[in-house]
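Read the structure below first, then the notes.
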Amino acid sequence: MGALFVIVIRLYDPYLLWQISGQNRFIHSWVLDQNLKTKSHFSKDLRSESSKRDAQFVEDLRINYGRKLKISPRIEIDHDFPGCQKIVVDGLPYEIESKLLQKLVHGECVQRIQEFVFSDDLKKFAIELRHWNQSGTATLIVGSFTEGAIVVEVQVDGVFRNFIFNSDGHLLYKNLANRGSSCEIEMLSQLQFACALDKAILKKNGYAEVLGMQRLRHDGTVWLKAKGGDGKLGILRWESSVGKEIPEKILDTSLSKIRDFKIVTGGLFIEQESSKMNEGLASSDLLFITTPEMNLNHLLHAPTSNLSWQVNGESGTALVKEAGANGENGEFSLFKLTQVAATKLKMNFDKSLMSDISLWGNGQILMQTLAGESYIGHFNGKEEFHIDLELKYPFKLQIEKFEGLSSDGTSIPCTKVSRFPQIAQTGTVIEAYGAYGKSLKLRYNGIHATLLSEGVTIILAHARGGGELGSAWHLGGKGRNKINTVADVYACTQAAIKNKFAFPQKIIMLGQSAGAIPAMNLALDHPEIVAGAWVDVPFLDSANKIDNKELDDQEFGALSSDQEETIRRGLSPYFRLLQGSSAKARFLLTCGEDDDNTPLWQCTKSFNAIKERHPRKTAFLFTLVNQGHYAGAANAQAELDKNYVVENFILSSFKADRPE
C-alpha cells in the first residue's frame, strides 16, 4: 500500500486506483450500483406524453429501416442473452442463434462476431468470433443450417481475414504468418486445412503477399489483390482447387497503385491512384479492365477524398462531392458506370438543407439533412430520384445558420435546429466536437426527438479541429492550436445568446468522445452561463501518459514535448477537475464498459474527482455494460435506459428548482 501511495504522489494522480481497477474490470458491481442510483435520482419523469410518443416514433423508424433495405445477412443484438449478437438472414426461416456461437460466462456473452460469410445458396456459413480483450486468438465456426446446428468448430491462433467460399463450397481464408511460413492462403476441405496457395508460387509470379480476396460467382474464379516485393500492387486471377496439385494459373493486370477493385462477369472495375492532380488534391481514376484480354477503359477522374463508388450487377454508380465555401456543400455529381463509360445523371432535388450524400448498398443513395434526417432512395430509368424511405421527425423543423466570432477574429459557422413552429423555449443544448478533421453532424435519434419536442433548441458549433471547412480548418484546431477549438465553441455560445437562441443558465454543453474537451472546459470556465454538461464516451483524461496513443499525440500534441504536454494538460478535463474551479455546473457522464477508445476509468476517475473536488459535487454516471465506444441497438433496454437518463438530466438542468 505504501508503494502504491508513492506511485500516486509521483504521478500527481490521486485517483490512479480507479484507473488500475477500471482496466481490470474490478469495479463492475460498483458501476451497476451507480446505474441504479442515477436512474433512481431521475425517477420523476419530466418528459411529456407527446414527446415520449415522438421519441418512440423515431426509434421505431431507426429499428425498422435497416430491415426494409438491407436484405443481406446482418448482425443484430440478441436481447435474450446479455451482450450477445445474432445473425439474421432475411427471407429465410432460420437464424444463427447466439447461444450456439458465443461463449457464455455467468449468463453473459464474452465473444463478439468479427466477420462472417455465407455460401451462394445461403446454406453454409463461416463466422469468426473474437474473445473480448484477447485480440490474438479467434474461433472459426464453419457450419450449415440443419435445424440451426453447427457442423464443426475450429480453434486457431491469430485472426482471419477475407473469408470466401469457392464454387465447390470450400472455405478459403488469407493466411497469417503464425499459421505457417510456407503458405499464403489455406483452404478448409473435409474439415481439414490444406495449403491452397504456396508463398513460393506467389513469389514466382512476382508478388510477396496477398492483401485481399474476391470471387466471381458465375465461374468460381478467385481474384487476389497482391503486393510485390517492390511495393507494387496488382490484381491476380487465381483458379483455386482442392487437392495436392497447387494451381499456378495467375494472370497479372500489370497495374500499380490500386486502391480498390470489384469483379463483374466481363472484367473488373478498378480504382487506381492517379498521377494527375485535381485542384491540388490526391485523385483517383476509375477504370474498367476486360478479361482475359485485359483491355482498359478509362471511366472517371475525381478527387480521392470526395469519391465513392459501388457496383451492382454489370454496372455501377459513382458519386463525386465537391467541397464548398463557408461550410456549405458544393455540387454533388452522380455517374452511372458501365464497362465503357461514366454518364452523368441529373439530380432533381433540393440540396439546400443537405449536409451529406453517399452511396448505400443495393444501388441506393443516402441523403442526410442538417437536422440528421435521412432520405434513402434510388435513381430510376428517367434519371429521377425516388425516395424509398424517409427517416423524419414527426414534426417540422427549422434550421438556421449563423456565425460566431472567435477570440482571434475567425468567423465560426454554427447551426441551429428547433421545432417549427417554435414552441416555448425550454433551454439549449450546444454540441461540440472539433477533432480529427471530422465534421459535426446531428444524429437522428430518440434523444433529439424528445428534446426538440419539449422545446429544446439544439446548436452545433462547427469548431476548428473538425473538417467542415477542409484541411486548414482541421489544422487550425489541431495540436498546439487545440485551444482554438474551445474558443470557437464559446464563440458559438455567445452568438447564440446574442441572437436569443440561448439564455444564460439554460445551456447544456454536449460533447461526445473528443468533444468532451471543449464541452467540459466551457462548463468549468463559464458558470455564469452554463448550467451543465453531458459528455458521452468522453475523452476526459486527455493528458495521461500511461494510456497515450500515437493518434492522440498527432491530434492533441505530443506528450514528449514539454510545451505541447503543458497545452494538453491545461485542456484536459480531468486535470482541470483536480485543480478545482468556481463552476456551478452539474455533469452527466455516459460511458461504455468495454470502450477501447476512451476506457471506462476515464469516467470513473473524473466522476469521483467531481464528487470530491468540485464545488457543487453534482455528477451522475451511467455505464452501458458490454458496450464499446459506439452506440448499440436503439431498441436495447440499456440504450433506452440511457436515453431516459440523458433526457431527464437535460430537462431537469433547465429547471430553477432542479434536484441535486
Side-chain angles (χ1 to χ4, degrees), residues 50-72 74 76 88 90-91 308 310 312 317 319 321 328-329 331-334 336 345-401 415-423 429 431 439-458 460 631-636 639-640 643 647:
S50 61
S51 69
K52 285 188 281 188
R53 286 194 299 270
D54 290 340
Q56 188 61 54
F57 172 87
V58 167
E59 295 303 337
D60 287 343
L61 269 182
R62 292 185 68 215
I63 294 166
N64 293 324
Y65 84 94
R67 295 176 182 171
K68 294 178 181 178
L69 297 173
K70 296 182 180 179
I71 61 173
S72 59
R74 64 184 184 276
E76 288 188 355
V88 178
D90 287 310
S308 56
Q310 60 180 241
N312 305 285
T317 309
L319 174 69
K321 295 183 287 186
E328 303 287 343
N329 284 311
E331 288 297 315
F332 300 111
S333 300
L334 192 69
K336 181 179 180 180
L345 300 176
K346 297 178 182 178
M347 304 181 73
N348 301 320
F349 55 84
D350 182 11
K351 298 190 292 291
S352 62
L353 295 180
M354 291 296 163
S355 66
D356 197 13
I357 181 170
S358 58
L359 298 179
W360 233 41
N362 305 319
Q364 290 171 315
I365 296 167
L366 171 65
M367 293 187 289
Q368 294 176 291
T369 72
L370 294 171
E373 296 180 323
S374 298
Y375 302 86
I376 302 168
H378 66 279
F379 276 84
N380 61 13
K382 298 180 181 180
E383 301 179 355
E384 296 172 338
F385 182 74
H386 277 221
I387 295 175
D388 300 326
L389 184 68
E390 295 180 334
L391 273 68
K392 297 192 67 170
Y393 289 107
F395 41 74
K396 291 184 179 180
L397 294 174
Q398 184 175 34
I399 302 173
E400 299 179 50
K401 296 182 179 180
T415 302
K416 167 190 174 275
V417 180
S418 59
R419 184 172 175 172
F420 182 83
Q422 180 75 56
I423 61 178
V429 171
E431 183 170 1
S439 299
L440 180 62
K441 300 174 183 177
L442 277 179
R443 298 172 298 281
Y444 178 84
N445 59 33
I447 292 177
H448 287 156
T450 296
L451 297 178
L452 291 166
S453 184
E454 292 284 353
V456 175
T457 297
I458 299 176
L460 302 184
N635 60 333
E639 194 79 15
L640 295 177
N643 289 5
E647 291 157 9

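The distance from the NZ atom of Lys52 to the CD atom of Glu647 is 10.0 Å, given to the nearest 0.5 Å. Atom CD1 of Ile458 is separated from atom CD1 of Ile399 by 11.0 Å, given to the nearest 0.5 angstrom. Taking CD of Glu373 as the reference point, atom CG of Leu391 lies at 8.5 Å (rounded to 0.5 Å). The structure places CG of Leu397 at 10.5 Å from CG of Leu370, a figure rounded to the nearest 0.5 Å. Annotation: the span from His378 atom NE2 to Asp388 atom CG amounts to 5.5 Å, rounded to 0.5 Å. The structure places NZ of Lys396 at 12.0 Å from CZ of Arg419, a figure rounded to the nearest 0.5 Å.
Looking at heavy atoms from C-beta onward, Glu639 lies out of side-chain contact with Glu59 at the 4.5 angstrom threshold. Two residues are said to be in side-chain contact when any heavy atoms from C-beta on lie closer than 4.5 Å; Thr369 and Lys392 fail this criterion. Side-chain contact between Ile365 and Leu334 is present, with heavy atoms from C-beta onward closer than 4.5 Å. Side-chain contact between Tyr393 and Val58: present, with at least one pair of heavy atoms (C-beta onward) separated by less than 4.5 Å. For the pair Gln364/Leu389, no side-chain contact is recorded, criterion being any heavy-atom separation below 4.5 Å from C-beta on.
Taking both residues in full, the closest heavy atoms of His448 and Arg443 are given as ND1-O, 2.6 Å, listed atom of the first, atom of the second, then distance. Shown here for Val417 and Ala371, the closest heavy-atom pair between the two residues is CG1-CB, 4.0 Å. Taking all atoms of both residues into account, the shortest heavy-atom contact from Ala449 to Ala55 is CB-CA, 3.8 Å.
Every side-chain contact (heavy atoms from CB on, under 4.5 Å) that Ser418 has, sequence neighbours left out, goes to Gln398, Lys416, Gln422, Thr457. Looking at residues two or more places apart in sequence or on another chain, you find a side-chain contact (heavy atoms from CB on, under 4.5 Å) between Ser50 and Ser48, Arg53, Ser453.
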**OP:** Please test Gln56 against Asp60 for side chain to side chain donor-acceptor pair (under 3.5 Å), starting from the C-alpha separation and ending with a verdict.
**Re:** CA-CA 6 Å; Gln56 188 61 54; Asp60 287 343; 2.9 Å; yes
